[in-house]
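Read the structure below first, then the notes.
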Amino acid sequence: MRVNKTSRARRRTAVGLSVVALTAGVTTAAGPAVAETRDAPAAAAAADCSAAYKIEQKLSTGTTWTMCWHYESEAGLVLENVSYQPKGETKPIRVLTSAKLAQIHVPYDDGSVEYDDLTGFGFGQGLMEMAPGECPGGTIKTVKVPDAWDPEHPNVKGLCATTRSRGHAYRMQGDTAGKVWQEQGKDLLVYTVNQVGWYEYMTEWRFQDDGTINMNVGATGSLSPADYDAGDGRGWPIGKGAKSYATSHSHNVFWRLNFGLDGSSKSKVEQYDSVVSPPAAGGEAPRNKTTRTKVTKELAGDAKNMRWWRVVSTAGKNKDEHPRSYEFVPGATSKYPGRSFTKHDIYFTEYKKCEQFASNNIRNCGTGAGKSVDKWVNGQTLTHPVAWVNIGFHHVARDEDQQPMPVHWQGFSLAPRDVTAMNPLTPPELADQNGQVERGS
């Protein structure tokens, strides 16, 4: 633990804004800061980076994930040129141009402090060394941390890439006695651990063999002993009696996703809403109708029951001639209404290179541009949409949070929708069962 954990303010040193220039040829480095581009040629390789910064994993079920990585002084791990190739596809399918954390905003319930952990309090510099047991069966890559807390020791064994089983990918017995179709799913797991004050954040990217991408942040470490001073309604008693009230607070985590479906940035955004109506005359059950709204302008979106969004490719279709897309599937969230940028669940903004962080954006976007994502939604037409996802967690401490604190997770998924014509894990014996199947009499 760092010795700067002495107060609620955490006595964290603000992050410097300089970026260490790195050479692509070295094996121990932050990785090449590949510039985001508006378009990547559709015929380009799955990942355009040297071997030192490339993660490529063929899972036992036949799916291959490929991506580049580099490490930034504020955002930490950045994944780029993320591609997915299930069995049956002749070439990789590009999904994301870049993906990274865009902020961890931490306001305390008593109003005394709030933090922007990425751009204000050293998230990137806090990359932690991992022991081999923390990356079972995988590889721990060494990262050169830009603006490291200890300039004499910037190299950290802090990036794990490994595989894990997730249980059933599917199971089907149907009407065939004695035959069970089942597959045990496999994932590529990429993650880092970053320390900010008393907290240690586990940033996890999980790539499933069925094309799903799960993005999660887990908070662990310790409760700050300097925060045992809250009153009723602002905290929870920890330890014997009711003397030490740990101050409640929120973790508002933002992700920034720059899509590159099928190698093009020119994606479309769509919103879907379903409405349930009473049964029609003579009907047996309520009716449900789903409508599509094309999102053509920048949007600050609010989640509602039976509402969802997807990003749709304009450059590629699956073998059924349906446009490929990815659907946003949010996890559990507690929306924090205290700041304008946390009042919405998802944002779609037109790409602008300087817009990198959801709050306390330290890049220069010009006079009057604003420092948070809500200020960038101003009616511009979407031709190159960037998605910003906000998932909140209200942390009301409990006795079980000490010591050490169990990981509490928050995040969301990107689910493939029509990326492939069938389940990419379909066994060969069922490959003809696509759409309406003609059955013999």
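All values below come from the heavy atoms of this structure, side chains included, with hydrogens, waters and symmetry mates left out. This is a predicted model, so every value here is computed, not measured. Residue numbers run from 1 in the order of the sequence given.
- No donor-acceptor distance shorter than 3.5 angstrom exists from the side chain of T63 to the backbone of P86, with no hydrogens or angles considered.
- Defined by atom type and a distance below 3.5 Å, a donor-acceptor pair is present between the side-chain atoms of N252 and H105.
- No side-chain N or O of S222 forms a donor-acceptor pair with one of Q402 less than 3.5 Å apart.
- Residues W205 and W255 are in side-chain contact: their nearest non-hydrogen atoms beyond the backbone lie under 4.5 Å apart.
- At distances below 3.5 Å, not a single donor-acceptor pair connects side-chain atoms of Q380 with backbone N or O atoms of V377.
- Taking the salt bridge (charged side-chain N to carboxylate O under 4.0 Å, His left out) definition, one finds that K141 meets it with nothing, sequence neighbours left out.
- More than 12 non-hydrogen atoms from other residues, nucleotides or ligands lie less than 6.0 angstrom from NZ of K371.
- For the pair E204 and L189, the minimum side-chain heavy-atom distance is below 4.5 Å.
- No donor-acceptor pair closer than 3.5 Å links the side chain of H344 to the backbone N or O of T342.
- When all heavy atoms of S73 and P146 are compared, the pair lying nearest together is CB-CB, 3.9 Å.
- In this structure a side-chain-to-backbone donor-acceptor pair under 3.5 Å is present from R287 to P278.
- Between the W149 side chain and the Q125 main chain, a donor and an acceptor come within less than 3.5 Å of each other.
- A salt bridge links E72 with K100: at least one charged nitrogen is closer than 4.0 Å to a carboxylate oxygen.
- Side-chain contact, T383 with E350: a donor N or O sits under 3.5 Å from an acceptor N or O.
- Summarising the local packing, CH2 of W236 is surrounded by 12 or fewer heavy atoms from other residues, nucleotides or ligands at distances under 6.0 Å.
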>> Run the salt bridge (charged side-chain N to carboxylate O under 4.0 Å, His left out) test on R292 and E270 for me, step by step, so that the C-alpha distance in whole Å, both residues' side-chain angles and the decisive distance to 0.1 Å come before the verdict.
In response: CA-CA 7 Å; R292 177 185 66 175; E270 295 176 348; 3.3 Å; yes
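- Proximity of a side-chain donor or acceptor of E80 to a complementary backbone N or O of S98 within less than 3.5 Å is not detected.
- A side-chain N or O of S413 and one of N214 form a donor-acceptor pair less than 3.5 Å apart.
- Counted by atom type alone, S340 and D374 present one or more donor-acceptor pairs between their side chains at under 3.5 Å.
- Of the N and O atoms on the side chains of D210 and Y170, not one donor lies less than 3.5 Å from an acceptor on the other residue.
- Of the N and O atoms on the side chains of N360 and T119, at least one donor lies less than 3.5 Å from an acceptor on the other residue.
- The distance from atom CZ of R206 to atom CG of L188, rounded to the nearest 0.5 Å, is 9.5 Å.
- Atom NZ of K87 sits in a crowded spot, with more than 12 heavy atoms from other residues, nucleotides or ligands closer than 6.0 Å.
- For F328 and W309, the distance between ring centers is not under 6.0 angstrom.
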>> Set out, in order, the CA-CA distance, both residues' side-chain angles and the distance that settles ring-ring contact (aromatic ring centres under 6.0 Å, His included) for H249 and Y199, then state yes or no.
In response: CA-CA 13 Å; H249 51 278; Y199 273 98; 5.8 Å; yes
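- Among pairs with a residue in residues 80-119, none fulfils disulfide (SG to SG under 2.5 Å), at least two apart in sequence or across chains.
- Atom CZ of R339 sits in a sparse spot, with 12 or fewer heavy atoms from other residues, nucleotides or ligands closer than 6.0 Å.
- Between the side chains of D227 and T247, no donor N or O sits under 3.5 Å from an acceptor N or O.
- Looking at V253, L257, I391 one by one, the single match for side-chain contact (heavy atoms from CB on, under 4.5 Å) with M215 turns out to be L257.
- In summary, the side chains of Q57 and W65 do not present any donor paired with an acceptor at a separation below 3.5 Å, with no hydrogens or angles considered.
- Checking T420 against N318 by side-chain atom types alone, no donor-acceptor pair falls below 3.5 Å.
- With rounding to the nearest 0.5 angstrom, the CG atom of L425 is 10.0 Å from the NZ atom of K186.
- Residues W69 and T142 share a closest heavy-atom pair of CH2-O, 4.2 Å.
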>> side-chain contact (heavy atoms from CB on, under 4.5 Å), that's the test. Do E355 and V373 meet it? Break it down for me.
In response: CA-CA 8 Å; E355 295 173 353; V373 64; over 6 Å; no
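- Within the structure, disulfide (SG to SG under 2.5 Å) contacts touching residues 350-426 (residues at least two apart or in different chains) are C354-C365.
- Put simply, the side chain of T162 gets close to the backbone of G138: a donor and an acceptor are under 3.5 Å apart.
- For the atom pair L96 CG and L79 CG, the distance stands at 9.0 Å (nearest 0.5 Å).
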> Which is it for Y336 and F393 under the ring-ring contact (aromatic ring centres under 6.0 Å, His included) test, yes or no, and what are the steps along the way?
Replying inline: CA-CA 8 Å; Y336 175 77; F393 176 78; over 10 Å; no
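- Once rounded to the nearest 0.5 Å, the distance linking CE of M405 with CD of E400 reads 12.5 Å.
- A salt bridge links D302 with K335: at least one charged nitrogen is closer than 4.0 Å to a carboxylate oxygen.
- The nearest pair of heavy atoms linking F348 to A387 is CE2-CB, 3.8 Å.
- Looking at every heavy atom in both residues, S267 comes nearest to V311 through CB-CG1, 3.5 Å.
- Here the closest non-hydrogen pair linking L159 and V190 is CD1-CG1, 3.7 Å.
- Judged by distance alone, the side chain of N194 and the main-chain N or O of F123 form a donor-acceptor pair under 3.5 Å.
- A pairwise comparison of heavy atoms in S248 and G235 identifies OG-CA, 3.6 Å as the closest pair.
- The pair D109-R234 does not meet the salt-bridge criterion, since no charged nitrogen lies less than 4.0 angstrom from a carboxylate oxygen.
- Taken from CD in E298 to CG in N378, the straight-line distance is 5.0 Å, to the nearest 0.5 Å.
- Residues passing the salt bridge (charged side-chain N to carboxylate O under 4.0 Å, His left out) test with E183, sequence neighbours excluded: none.
- For the atom pair L382 CG and K266 NZ, the distance stands at 13.5 Å (nearest 0.5 Å).
- Looking at R417 and S325, their side chains never bring a donor and an acceptor atom within 3.5 Å of each other.
- In this structure, R164 does not pair ionically with D187, as no charged nitrogen and carboxylate oxygen lie closer than 4.0 Å.
- Without hydrogens or angle criteria, T333 side chain to G392 main chain gives a donor-acceptor distance under 3.5 Å.
- Sorted by first and then second residue, the ring-ring contact (aromatic ring centres under 6.0 Å, His included) pairs with a member in residues 357-379 read W376-W388; sequence neighbours excluded.
- Between V193 and M130, some side-chain heavy-atom pair lies under the 4.5 Å cut-off.
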> Can H251 and H408 be said to form a ring-ring contact (aromatic ring centres under 6.0 Å, His included), step by step?
Replying inline: CA-CA 10 Å; H251 297 261; H408 54 80; 5.3 Å; yes
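- In this structure a side-chain-to-backbone donor-acceptor pair under 3.5 Å is present from Y347 to F341.
- Evaluation of the salt bridge (Lys or Arg N to Asp or Glu O under 4.0 Å) test over residues 314-325, restricted to residues two or more places apart or in two chains, returns E89-R324, D262-R324.
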